[in-house]
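These notes are about the structure you will find just below.
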Amino acid sequence: RAGPGRARTPPRCRTPAPVAALLPAACGPDVDDPADDAVAPDDVGFTGIPLFYVFGLNVVLGVALATGLPLVLEERFCPAASLATVQRLAVTLVVGVPPMFQAWLALPEADAPAGAFAGVRRAVSGAAALAPAVAAAFEARFRRARARGTGLTEGAPAAGHPPGPR
């Protein structure tokens with residue numbers, strides 16, 4: 001129990017229900033393994049999305065704060081450097097936007113070999129729809145990592161509020 005002068009650390013054993021809905025809502029549920037939608041206790045997140053964007057704030061930072069997910073933030077996205085960071089810090093969850101996935105695909109094989117995302121169990125694209133061809137190419141080239149995405153995250157903060165007076 002938290003008291004004066006005592007910090008309460010949220011348990012990371014299970015993702016809280018409202019937060020658990022954020023990740024699948026952003027990228028669609030994982031039909032292969034629904035348990036993959038939850039943030040695991042040993043996960044490490046990575047993003048190059050600015051937190052002043054709705055997707056960065058609501059989904060990325062919201063999930064990290066609510067679950068205690070360690071989150072690696074990249075101030076300025078550089079495809080090769082970000083890939084090295086993902087590998088060096090043993091990142092398991094990557095959250096980006098379609099241009100990031102396109103940039104990783106554009107890297108030469110020498111800079112981004114097939115196993116570059118081997119430690120990543122989930123790669124999420126959001127803020128805009130990820131073209132099916134880009135998602136397929138990403139999954140084919142990097143094998144185990146998955147990329148999905150939908151758009152219209154800007155509607156999320158107000159979508160649950162009906163118009164008119166209370």
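Side chains are part of it too, since the values below use all heavy atoms of this structure and drop only hydrogens, waters and symmetry mates. We count residues from 1, following the sequence as given. In this text the structure is predicted, and so the values were computed from the model without any measurement.
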I need the minimum non-hydrogen distance between [X] and [Y], along with the two atoms involved.
{"X": "Leu51", "Y": "Leu57", "result": "O-CB, 3.2 Å"}
{"X": "Pro98", "Y": "Gly126", "result": "CD-O, 3.5 Å"}
{"X": "Glu74", "Y": "Ala81", "result": "OE2-C, 4.1 Å"}
{"X": "Ile49", "Y": "Thr47", "result": "N-OG1, 3.0 Å"}

Gap separating the [atom1] atom of [X] from the [atom2] atom of [Y], nearest 0.5 angstrom:
{"X": "Phe101", "Y": "Glu139", "atom1": "CZ", "atom2": "CD", "value": "10.0 Å"}
{"X": "Cys78", "Y": "Leu83", "atom1": "SG", "atom2": "CG", "value": "10.0 Å"}
{"X": "Phe117", "Y": "Arg122", "atom1": "CZ", "atom2": "CZ", "value": "15.0 Å"}
{"X": "Gln102", "Y": "Leu130", "atom1": "CD", "atom2": "CG", "value": "7.5 Å"}

Worksheet item: Got a donor-acceptor contact below 3.5 angstrom from the Arg76 side chain to the Gly48 backbone?
Response: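 Judged by distance alone, no pair lies under 3.5 Å.
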Fill in: Side chain Trp104, main chain Ala112, donor-acceptor under 3.5 Å
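Not a single qualifying donor-acceptor pair exists.
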Practice prompt. Would you mind checking if Arg121 and Asp43 are paired as a salt bridge, meaning a charged N to carboxylate O distance below 4.0 Å?
Written response: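 Looking at Asp43 and Arg121, the cut-off is met.
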Discussion item. Could you go through Thr85 and Val91, starting from their C-alpha distance and side-chain angles, then the distance that decides it, and tell me whether this counts as side chain to side chain contact (heavy atoms under 4.5 Å, CB included)?
Written reply: CA-CA 8 Å; Thr85 298; Val91 168; 5.6 Å; no
Worksheet item: Given side chains that start at C-beta, do those of Tyr53 and Val97 come closer than 4.5 Å, heavy atoms only?
Response: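 Contact flag for Tyr53/Val97 side chains = no.
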Worksheet entry | Residue that, paired with Leu93, satisfies side chain to side chain contact (heavy atoms under 4.5 Å, CB included) out of Val44, Leu71, Val124, Leu69 |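 So the option named by the test is Leu69.
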